[in-house]
Amino acid sequence: MRTDFTLAQLADPEIDAANTILRTCVHCGFCTATCPTYVLLGDELDSPRGRIYMIKNLLESGQPATAKVVKHIDRCLSCLSCMTTCPASVDYMHLVDRARVRIEKTFARPWPERVLRALLAFVLPSPGMFRLALKAAALGRPFKGMLPGRLKGLVTMAPARVPAASAVDRPQVFEAEGKRLKRVALLTGCAQQVLRPSINEATVRLLTRRGCEVVVAEGAGCCGALVHHMGREDQARKQARANIEAWEKAGVEAVVINASGCGTTIKDYGWMLKHDPVWAERAARIAGLARDVSEIINELGVGELTEKGLPAVTYHSACSMQHGQGLSEEPKALLAAAGFEVREPAEGHLCCGSAGTYNMLQPELAGRLLERKVENLKRAGGAVIATGNIGCLEQIAGGLAGGTGENKGPPVVHTIELLDWATGGPKPEGIP
Amino acid sequence: MKMPQPDAGVIARRAEIIEAMQAIVLGEGVITDEEELRVYDHDGLMAYKGLPLVVVLPETTGQVSAILEYCAANEVKIVPRGAGTGLSGGALPLADAITLGLGKFNKILEIDYDNRTVITQSGVTNLAITEAVEDEGFYYAPDPSSQIACSIGGNIAENSGGVHCLKYGLTTNNVLGIEMVLMSGKIVHFGGKHLDSGGYDLLGVATGSEGLLGVITEVTVRILQKPETARALLLGFPSNKSAGNCVAAIIGAGIIPGGMEMMDKPAIHATEDFVHAGYPLDVQALLIVELDGPEVEVDHLIERVDAIARQAGATHLSVSRSEEERQAFWSGRKNAFPAVGRLSPDYLCMDGTIPRRKLADVLQRIEELSQQYGLRIANVFHAGDGNLHPLILFDANEPGELEKAENFGADILRYCVEVGGVLTGEHGVGIEKRDLMGVMFTEDDMNHQQRLKCAFDPAHLLNPGKVYPTLHRCSELGRMFVHKGKLPFPDIPRF
Ligand SMILES: Cc1cc2nc3c(=O)[nH]c(=O)nc-3n(C[C@H](O)[C@H](O)[C@H](O)COP(=O)(O)OP(=O)(O)OC[C@H]3O[C@@H](n4cnc5c(N)ncnc54)[C@H](O)[C@@H]3O)c2cc1C
């Protein structure tokens, strides 16, 4: 489409990149149909096509973002369903990232919002802080009635019981069982290891069983996605650089990620740092090594099956998995290869509402999406729900919780926990 | 593009109108901020833009009725808008009109397998209807390439077609009934679950009315059982001409394929890049021919089409081996327009329809014009029914290119009419082809058409400035409409 940037504006490489993206959009509107917020709200302003146009106007004007624009950009889940749909391959992901940075730099949010965002950006990436916060929240539960708005929601969301830290998440090397086929680094992540330490444990077991030497690298931490989606570019880049350095030192053939939200970001490190002369090449190299755990297992095979009579699994494809990384078939194929009957829910392309910190920042829309998702998942009828992203896992488990008897939903686990179980690991918690 | 002079009086009453709208539609459904209005400033045709007075997104037929009643009483114009995928500018906003969006009319109301009908709100997408019934083996036949996003209400307003309309008919052949709100606010029902109603075919009148006669709020469509077998052939040709001849030969042999589509080389390359459907890249033209029905019939027809294609000089022949592959063959075609976005930042999509035997001739003429204007072209079209979609590629950032593209397009359409065809096959007239209506119709024809409009909307409040190049007072057309003691638009500008 037509754009109107001045030459001076285009001299900024970020604007130049945005211009290139905008020009590929032909405004056909196909993306509106698969956008969760448009499906809910039916308003062009809350559709990808509308946002693209709004971002164009925002960037062209050179003016600070206004409250209205911020409202609609904030409502975007960054689920990237639009990118799967777009026949012109408009790079919406990087465009909306640019808008978020512009908002972060030019828009003064009301202070409660600012405090909430700062809190999330500070606490979530650090497992120690996060664990502490969850414990505090558990203690705070009885008093949640006294808390203001969204803080109340956050405390409600926190699990009643916080598991102990797992030994696998400390920097170390796990040897391969049998012949070593690969040396890989495992991103142990931030929130996931606190909420479900069993996922990294299962991943290490499965990878080593399949011939991988697994390195938990010293100095690697949060991938940066959380703050990146809040437009906090500098903090995201800092976290990315720390990881790149750590994995370079580890000397690995692949960086394995078992949370697809993180995987999408790490695979994009090259873009994130492309204007940084010192880091650009190094970032691109690490991004090229990044693999979702399902990709690696797909390459190595699931291995020998030890369990029979496995339950039917409803597979929930995380948006970051199917839209962000384009991995739709691999995880399902692995589950089938491990002996599970795989079922797919209706509207599988729609987000569950988790989307990083979205469920905390946009609880109303997230709640409506969750309700819809849970309905579809239940209808699919599997005895277990599997997914490859901690955000979805917690969100959906939360949506299913509370029901009793007939209404009690199936347990929600990570795909890798099921693959590990089918090939010699323990049965994941919650499966009868 | 010249539009009617906005009514300064209405614009001056904006605050009052907004207040009235907010009393009818609560919350975010009334959009008034300039920044937000700008997002609604055009539809699928990006060449023309304009800010609406206000955007209103009602949720119920009652609200639509209340809005129209207020607007009729206060002489405020209305531009209906479905999903905004229209390619002729039908939903282009007007500065003195409310853009009435039906995005929130997104619920399917009833599925009736016994009667093979679905009742839906008008904002539901075309594809959503098929998705709702496909588990039971049914589908809604007309399938515009934009079916993922366009609304069923918009389909009726444009009488949209699709790749399967060759055999199964256009929208008008598949819609059984509608609920429509007239400009007065009155809610009317045309048709129903039955095939025919007594009296004039008002449903037929509303179909293709481009938002000029009423606002469609509810729709009853017929659903069909999926054919037992459907397989698609990819036929590659060394020239547009040989492909065009093959189309004529297939139809000439009495075969009616489920769909028969053609793409030329630039379109093949752009779409293959996106869908990886396995299109041959070394051919000049590609035909996708689908045959459906009982398996024996399909097998037999494939053989016959195969033989005809070979005789016409096909250099590539392949048949879909699975349902996924058949879908993949179509997926490229259905994504063709936007996929062309890979070749060029902007395109204009033409929609002329010609007698099938003129195909090769018209393609030749388009090629000459392309040379003459110095603008590239990608051809995608419903070959089976002679509906062409030449996509004129241009760069709107280059001064003068849009005008050049427009002139090029007008020349193509004039030629289509010259060889015995029509201006539009399925995208509607809107504003894009408005000024070419005279090439097709005499003044008399158009006056008669506008008399029909007067019967529904005597004050010309619904989507004015679209479809007809001149706006006549209804009184001039032989029907006096006096409202509150005065004639509407006492000094309507001629444009
Ligand atoms: C990539 C692409 C491919 C396309 N392919 C095809 C194709 O194969 N075949 C085809 O026929 N068309 C095609 N189109 C054109 C377009 O999708 C159709 O015309 C479609 O029917 C428009 O529906 P909409 O809901 O987007 O309507 P809009 O664009 O919102 O409106 C179109 C017109 O209908 C009126 N209108 C909309 N809703 C209502 C209502 N509820 N009541 C009264 N009036 C209403 C508007 O006033 C306007 O005049 C394509 C468009 C694109 C962008």
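By convention in this document, chain letters (A, B, ...) are assigned in the order of the sequence lines, proteins followed by strands, and residues within each chain are numbered from 1. Heavy-atom basis, side chains included; hydrogens, waters and symmetry copies ignored.
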- Going through the distances and angles, do A/Ser294 and A/Leu327 end up as a side-chain contact (heavy atoms from CB on, under 4.5 Å)? CA-CA 9 Å; A/Ser294 63; A/Leu327 299 172; 4.2 Å; yes
- Message: Which atoms of B/Leu102 are under 4.5 Å from chain A, going by heavy atoms: the side chain, the backbone, both sets, or neither?
- Response: neither
- Based on non-hydrogen pairs under 4.5 Å, which of B/Gly103, B/Pro338, B/Ala396, B/Ala339 is most in contact with chain A? B/Pro338
- Message: Looking only at heavy atoms and a cut-off of under 4.5 Å, which of A/Cys28, A/Cys25, A/Gly29, A/Cys31 has the most pairs with chain B?
- Response: A/Cys28
- Between atom CE of A/Met83 and atom CG of A/Leu95, what is the distance when rounded to the nearest 0.5 Å? 10.0 Å
- Taking all heavy atoms of B/Ile377 and all of B/Pro390, pick out the closest pair and write down the distance. CD1-CB, 4.0 Å
- Query: Side chain, backbone, both or neither: which part of A/Val90 has a non-hydrogen atom closer than 4.5 Å to chain B?
  - Reply: neither
- Item | Over all atoms of both residues, closest heavy-atom pair of B/Leu92 and B/Gly50 | CD1-N, 4.0 Å
Can you list every donor-acceptor pair under 3.5 Å that links chain A to chain B?
unit_1: A/Met1; atom_1: N; unit_2: B/Pro345; atom_2: O; d: 3.0
unit_1: A/Thr3; atom_1: N; unit_2: B/Asn397; atom_2: OD1; d: 2.9
unit_1: A/Thr3; atom_1: OG1; unit_2: B/Asn397; atom_2: ND2; d: 3.1
unit_1: A/Arg23; atom_1: NH1; unit_2: B/Asp395; atom_2: OD1; d: 2.8
unit_1: A/Arg23; atom_1: NH1; unit_2: B/Asn397; atom_2: OD1; d: 3.3
unit_1: A/Arg23; atom_1: NH2; unit_2: B/Asp395; atom_2: OD1; d: 3.3
unit_1: A/Arg23; atom_1: NH2; unit_2: B/Asp395; atom_2: OD2; d: 2.9
unit_1: A/His27; atom_1: NE2; unit_2: B/His42; atom_2: NE2; d: 2.9
unit_1: A/Val39; atom_1: O; unit_2: B/Asn106; atom_2: ND2; d: 3.3
unit_1: A/Leu41; atom_1: O; unit_2: B/Lys104; atom_2: NZ; d: 2.7
unit_1: A/Asp43; atom_1: OD1; unit_2: B/Tyr40; atom_2: OH; d: 2.6
unit_1: A/Glu44; atom_1: N; unit_2: B/Tyr40; atom_2: OH; d: 3.0
unit_1: A/Glu44; atom_1: OE1; unit_2: B/Arg81; atom_2: NH2; d: 3.0
unit_1: A/Arg49; atom_1: NH1; unit_2: B/Gly84; atom_2: O; d: 2.9
unit_1: A/Arg49; atom_1: NH2; unit_2: B/Ala83; atom_2: O; d: 2.9
unit_1: A/Arg49; atom_1: NH2; unit_2: B/Gly84; atom_2: O; d: 3.1
unit_1: A/Tyr53; atom_1: OH; unit_2: B/Asp41; atom_2: OD1; d: 3.2
unit_1: A/Tyr53; atom_1: OH; unit_2: B/Asp41; atom_2: OD2; d: 3.2
unit_1: A/Tyr53; atom_1: OH; unit_2: B/Lys49; atom_2: NZ; d: 3.1
unit_1: A/Thr66; atom_1: OG1; unit_2: B/Glu35; atom_2: OE1; d: 2.7
unit_1: A/Thr66; atom_1: OG1; unit_2: B/Glu35; atom_2: OE2; d: 2.6
unit_1: A/Lys71; atom_1: NZ; unit_2: B/Glu28; atom_2: OE2; d: 3.2
unit_1: A/His72; atom_1: NE2; unit_2: B/Glu36; atom_2: OE2; d: 2.5
unit_1: A/Arg75; atom_1: NH1; unit_2: B/Glu28; atom_2: OE1; d: 3.2
unit_1: A/Arg75; atom_1: NH2; unit_2: B/Glu28; atom_2: OE1; d: 3.3
unit_1: A/Arg75; atom_1: NH2; unit_2: B/Glu28; atom_2: OE2; d: 2.5
unit_1: A/Pro87; atom_1: O; unit_2: B/Arg342; atom_2: NE; d: 3.2
unit_1: A/Pro87; atom_1: O; unit_2: B/Arg342; atom_2: NH2; d: 3.3
unit_1: A/Ser89; atom_1: OG; unit_2: B/Arg342; atom_2: NH2; d: 2.5

- Inter-residue atom distance B/Leu375.CG - B/Leu393.CG, 0.5 Å rounding: 8.0 Å
- Considering residues at least two apart in sequence or located in another chain, which fulfil the side chain to side chain contact (heavy atoms under 4.5 Å, CB included) criterion with A/Val101? A/Arg98, A/Lys105, A/Glu233
- Determine the minimum heavy-atom distance between A/Cys76 and A/Val96, stating which atoms define it. SG-CG2, 4.3 Å
- Message: Distance check, rounded to the nearest 0.5 Å: A/Asp97 atom CG versus A/Asp268 atom CG?
- Response: 7.5 Å
- Based on non-hydrogen pairs under 4.5 Å, which of B/Ala149, B/Gly341, B/Pro345 is most in contact with chain A? B/Pro345
- Message: Measuring from atom CG of A/Leu45 to atom CG of B/Leu57, what distance do you get when rounded to the nearest 0.5 angstrom?
- Response: 8.0 Å
- Query: Given a strict heavy-atom distance threshold of 4.5 Å, which part of A/Cys86 is in contact with chain B: side chain, backbone, both, or neither?
  - Reply: backbone
